[in-house]
Amino acid sequence: MTEIPPRYIPADIEEKRLKLWDEKKPFHASAGHSKKGPCTVVIPPPNVTGVLHMGHALNNTLQDIFIRYKRMQGFDTLWMPGTDHAGIATQNVVEKQLAKEGLTREALGRDKFMERLWEWKRHHGDTIIDQLHKLGSSCDWDRTRFTMDEGYSTAVRDVFVKLYERGLIYQGSYIINWCPRCQTALADEEAEHKDSNGQLWHIKYPFKNDPSQFVVVATTRPETMLGDTAVAVNPQDERYAGLIGQIIVLPLVGREIAIIADDFVDKAFGSGAVKVTPAHDPNDFAMGRRHNLDFVNIMHPNGVMNGNAGPFDGLDRFEARKKVVKALEELGLLEKVEPHAHAVRRCYRCETIVEPYLSKQWFVKMKPMADKALEAFRNGEPRIQPKRWEKVYENWLVDIRDWCISRQIWWGHRIPVWYDSHGGHFVAKTEAEALAQARAKHGKDVPLTQDPDVLDTWFSSWLWPFATLGWPQENMDLKYFYPTSTLFTAPEIIFFWVARMVMAGIEFMDEVPFQDVILHGTVRDAKGRKMSKSLGNAIDPLEIIKEFGADALRFSMILNSGQDIFISKEKFEIGRNFSNKLWNASRFVMMNVTPEARVKGFADIDHAALDPASKWIISRYQAALKEVTEAIEQFRYSEAENSLYEFFWGTYCDWYLEMAKSRLVELNAQKTAWLVLSNTLKMLHPFIPFVTEELYVYLHDTEAFLTLEAWPVVEAQYVDAGAEKDIQAVLSLVTVVRNIRAQWNIKPSDSLECVLNGSREALARVQQQEDVVRKLVRISSVRYETSAQAVKDSAAGVAGELQFFIPLGGLVDVAKEKARIMAEITQTEKAAASIEGRLSSEAFVQKAPPDVIAKERQRVSELKVKIDDLKRTISCLI
RNA sequence: GGACGCAUAGCUCAGCUGGUUAGAGCGCUGCCCUCACAUGGCAGAGGUCGAAGGUUCAAGUCCUUCUGCGUCCACCA
């Protein structure tokens, strides 16, 4: 047998395991091997711009626990890895790089720029995959996909064409969220509301027929007045009843605009009159359509005012705002300025204030797909945990709005639409097909140009569960591994990703892509702030792996995962210490066990010949296995880990191994120690894969991939109530003696004698364990006495357990000990009294369920026995 | 403005369908380098379960209101 090295060095074993996993590929997935069927998980593809952060570490640890457990359960598991091209984010990174060289993407040109991006992706894009790998993620790495690889791009184009053919994609001029810095459209979800303290400017608009009279309008964006083409009031508003249709001369611009009536206007807000800027506000846009107003665009795409802004032409929008306000003030048209707290939309990538902007974009009509997703959801697909997110998900689907999918950037899937010079467009998977369509339409070859824009990143991500499996090709993998089992992700992307994947899954595969969605919390620092680079509070997972090990990182994080996860560096000590304990306990077992003890199962142990402690640990082990298995099944991983921690450290190491020290000469005890440890390693493997596998290999003296071993099965026949009682008696005796030793500062070298008084049965039990007790508490001698009272109790069936103990000799301060015991008696009596009070209440006896009453009675009698024990102990203290 | 979540030991959290004297880890105090482990062992201190009402034989657990934190959604200019 190879000996386990004396020191646990995480870095060494993790490197060793990773190398083996890479070589032998135990995570390789193939269809149709197991009778249990498939179990698929797709990774939420991290951005290629990304560096591993704690959020990834958590997300991937959860997935790995799930997939390793399922693999051990015998499923054909597939964990599909990959990365997302992350359009705007990645383009921004590379543009920044260019800026350092004094270059811009425009100066470089589209082709060269794309080359730079691909180059960047090749060099940096896979960093994160490598880091996930270091975490121990058991993905089938050979299948790693990228949202812009060739096959995936085919799928994206295919989907675009199919949706277009189904009438679900259209092009139109609408107000969209425009980022003037990125110079692209953003989806609603990409324009985040951020509270800000703005101002509300009240502006007087003079009437044409009487310039001394005004209508007052309020706005948070005064510069947009340059594009006003109406003023709107509520038709029910008496104040303006006679004014509808009146003409107003727009200040600074001189444009004549009318007062119109529209239900949208809230009478109660401000003056009740609203300036209408159809080209620069979504509500005004809608009003403009309803009333056939002019759409005056006053801004260039970069946020600089254009020719329509008259004297403000060429000014940045915020500069123009100041100038407009100043000009109005000079004209005496500014009634007042109020502070105004409101939410401003900002670009989710660069935080620039988003400008509602009129432009021609491609949209996906969402309602029909959302309705199907809703129907599925109401039939229970997918299940979402925690449940409280279900309503959020459902509401979004109910109130769904169309999805703007075109982006004016270069990095991404080019929109598969080609235009001829006559204003016609052709939607096709390839340019050749588009040309063919054009030829058919025009009767001759015509030159086409492809739409310069690309698709929203999420337009590729929403296909992830099936596009990664080869769709639109119908291959074996797709048939077998789709739909996937469980999706682990963060609640932030329910809308961006989860809901859209469901819709795509139904639309193109006729099946919801996953059964369960597990939404986990956010990793925060010790103060509860989100971890971010800019705050400087981020803990780098790689640093933790280096210092404490990947196992420690995983273990500590999961143990801490409630809702949101608060983490500081010290927390990782728990995981490292636990792994270290595991290491040393395994060393101890290895040192004390012969090869013959390496048995397959509990059936190979001679149970009848087994000592009570061994029977007890097997019984405790079965209980732990049951608990852990149930917790994992219900995705309560931190609870499972907690049970394992308690069982392994608190029960197996602290008690069993200590008790076993005097018993390990016996082969059956060796078998027990070895087998329980071996199975505990299996249970721990999904959580801490490196150290468990390394130890398992030593323990079994054979190369094995623990993830391919079978998950242990609960064997109820080894649950032994008798043994539990026996050991419980020993444990309480030992605890009490230790207590005495600590209390009275009796050194281990000092002798302590003990007189045990109890029924014959109880004494016999403890006597059987005397060597264990002596070893644990170093009692120099034990005397057994059966008092008349104990015999009586025993006969009456009151007390079958150990009754009490007496420390002898002059080492204990009798007076103090008496006081201590008296206090304990008082406390116990109080407890008993409270239960008795309950039991004596008529209402309780009548209304409480019988089992509860029985339990309470039992409890009272136990407490009374304890009180008697304590009293007798006191009477024996001379 | 809507919706939701959280308040339990100094800190971070368990406490699942209401039912033992409310738990763990870290931290703290004391004693131990005992031949697997000081990344360890043993013992101990520390809580009116955010506040006020209510339902119940019984409430940390259910209901209402309030307070304090947090999250998501949103077209009041």
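Letters go in sequence order (proteins before strands), and every chain restarts at 1. Values below: every heavy atom of this structure, side chains too, minus hydrogens, waters and symmetry copies.
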Throw together a table of side-chain donor-acceptor distances under 3.5 angstrom for residues 397-404 of chain A, partners on residues two or more places apart or in other chains.
from	atom 1	to	atom 2	distance (Å)
D402(A)	OD1	M366(A)	N	3.1
D402(A)	OD2	Y170(A)	OH	2.7
W403(A)	NE1	D456(A)	OD2	3.0

Validation row: E633(A), V628(A) side chains within 4.5 angstrom (heavy atoms):
no
Where the side chain of A848(A) is concerned, which of A74(B), A77(B), C57(B) is the nearest nucleotide?
C57(B)
I want to verify a distance call: between A36(B), G41(B), C73(B), whose nearest atom is closest to the W649(A) side chain?
G41(B)
For A585(A) and N395(A), take the nucleotide of RNA chain B holding the closest heavy atom to each; which residue's nucleotide lies nearer the 5' end?
N395(A)
How long is the line joining CG of D851(A) and C1' of A58(B), in whole Å?
14 Å
Can you tell me how far P in A74(B) sits from the matching atom in G2(B), rounded to whole Å?
16 Å
Side chain of L200(A), heavy atoms from C-beta onward: which of A77(B), A74(B), G25(B) has the nearest atom to it?
A77(B)
Ignoring hydrogens and angles, are the base of U21(B) and the side chain of R859(A) linked by a donor-acceptor pair under 3.5 Å?
yes
In whole angstrom, what separates K571(A)'s NZ from A24(B)'s P?
17 Å
Does S834(A) reach a base, just sugar-phosphate, or nothing at all? Heavy atoms under 4.0 Å.
sugar-phosphate
Taking NZ, NE, NH1 and NH2 as the nitrogens, is one of them in E836(A) or R838(A) under 4.0 Å from a carboxylate oxygen of the other?
no
Side-chain contact test, heavy atoms from C-beta onward, threshold under 4.5 Å: evaluate it for F295(A) versus T229(A) and give yes or no.
no
Have a look at R738(A) and say if it touches a base, only the backbone sugar-phosphate, or nothing, with a 4.0 Å heavy-atom cut-off.
sugar-phosphate
Which nucleotide sits closest to the side chain of E639(A): G15(B), U21(B), C75(B)?
G15(B)
Nucleotide U12(B), atom C1' - distance to CG of N642(A) in whole Å:
13 Å
Same-atom distance (C1') from G27(B) to G44(B), integer angstrom:
14 Å
May I ask you to check whether Y645(A) and W649(A) place their ring centres under 6.0 Å from each other?
yes
Does the ring of Y656(A) carry R663(A) above it, NZ/CZ under 6.0 angstrom from centre and within 45° of its axis?
no
Among U21(B), A36(B), G40(B), the one nearest any side-chain atom of F588(A) is A36(B)
Can you name the one residue among I688(A), D551(A), L559(A) that meets side-chain contact (heavy atoms from CB on, under 4.5 Å) with F578(A)?
I688(A)
Taking any heavy-atom pair under 4.0 Å as a contact, classify R221(A): base, sugar-phosphate, or nothing.
nothing
Classify the side chain of E658(A) and the base of A36(B) as holding, or not holding, a donor-acceptor pair under 3.5 Å.
yes
Looking across every strand, which nucleic acid part, if any, lies under 4.0 Å from K391(A) by heavy atom: base, sugar-phosphate, or nothing?
sugar-phosphate
Sugar-phosphate only, base, or nothing, as touched by I4(A) at under 4.0 Å among non-hydrogen atoms:
nothing
Interatomic distance at P, U67(B) relative to G40(B), whole Å:
46 Å
Nearest whole angstrom, please: distance from the C1' of C42(B) to the CH2 of W655(A).
10 Å
Between P of U56(B) and CZ of F844(A), the distance in whole Å:
17 Å
Please classify the nucleic acid contact of F548(A) as base, sugar-phosphate, or nothing, using heavy-atom distances under 4.0 Å.
nothing
Among C37(B), C42(B), A77(B), which nucleotide has an atom closest to any side-chain atom of D654(A)?
C42(B)
Proximity to the side chain of T828(A) - top-ranked nucleotide from U12(B), U21(B), A36(B)
U21(B)
If only side-chain N and O atoms count, and only distance matters, is there a donor-acceptor pair under 3.5 Å linking Q670(A) with T594(A)?
yes
Between A36(B), U21(B), A74(B), which nucleotide has the shortest distance from any of its atoms to the side chain of N584(A)?
A36(B)
Under 4.0 angstrom, heavy atoms only, what part of the nucleic acid is A343(A) near: base, sugar-phosphate, or nothing?
base
Nearest of A77(B), A74(B), C57(B) to any side-chain atom of A843(A)?
C57(B)
Is R345(A) close enough to C75(B) that one of its side-chain N or O atoms is under 4.0 Å from OP1 or OP2 there?
yes
May I ask you to say what H340(A) touches in the nucleic acid, namely base, sugar-phosphate or nothing, with a heavy-atom cut-off under 4.0 Å?
sugar-phosphate
Sticking with atom P, work out how far G70(B) lies from G30(B), rounded to a whole angstrom.
38 Å
Determine the interatomic distance between P on U65(B) and the same-named atom on C28(B); round to the nearest Å.
44 Å
Measure the distance from CD1 on I867(A) to C1' on U21(B) and round it to the nearest whole Å.
11 Å
If you measure from the C1' atom in G25(B) to the same atom in U71(B), how many Å do you get, rounded?
27 Å
Which range-with-range stems can be found for RNA chain B when each stem has 3 or more Watson-Crick or G-U pairs in a row and both distances sit under 3.5 Å?
B:1-7 with B:67-73, B:10-13 with B:23-26, B:28-32 with B:40-44, B:50-54 with B:62-66
For A3(B) versus A9(B), give the span between their P atoms, rounded off to a whole number of Å.
30 Å
Considering only atom C1', compute the distance from G1(B) to G54(B) and round it to an integer number of Å.
31 Å
Hey, mind stepping through E355(A) and R221(A) against salt bridge (charged side-chain N to carboxylate O under 4.0 Å, His left out) and telling me if it holds?
CA-CA 10 Å; E355(A) 198 63 35; R221(A) 293 183 294 148; 3.2 Å; yes
Mapping P6(A) and N283(A) to their closest nucleotides on RNA chain B, which lands nearer the 5' end?
P6(A)
Measure the distance from NE2 on H280(A) to C1' on C75(B) and round it to the nearest whole Å.
17 Å
Starting the side chain at C-beta, find the nucleotide from C72(B), U39(B), G19(B) nearest to V852(A).
G19(B)
Rounded to the nearest angstrom, tell me the gap between atom CG in L863(A) and atom P in U21(B).
8 Å
Under the 3.5 Å rule, do the base of U39(B) and the side chain of R7(A) count as making a donor-acceptor pair?
yes
Any base atoms under 4.0 Å from K661(A), or only sugar-phosphate, or nothing? Heavy atoms, all strands.
base
Using a 4.0 Å heavy-atom cut-off, does K855(A) contact any base of the nucleic acid, only the sugar-phosphate backbone, or nothing at all?
nothing
Do T224(A) and K275(A) have a side chain donor and acceptor closer than 3.5 Å?
yes
Rounded to the nearest 0.5 Å, what separates atom CD1 in I203(A) from atom CG in L333(A)?
9.0 Å
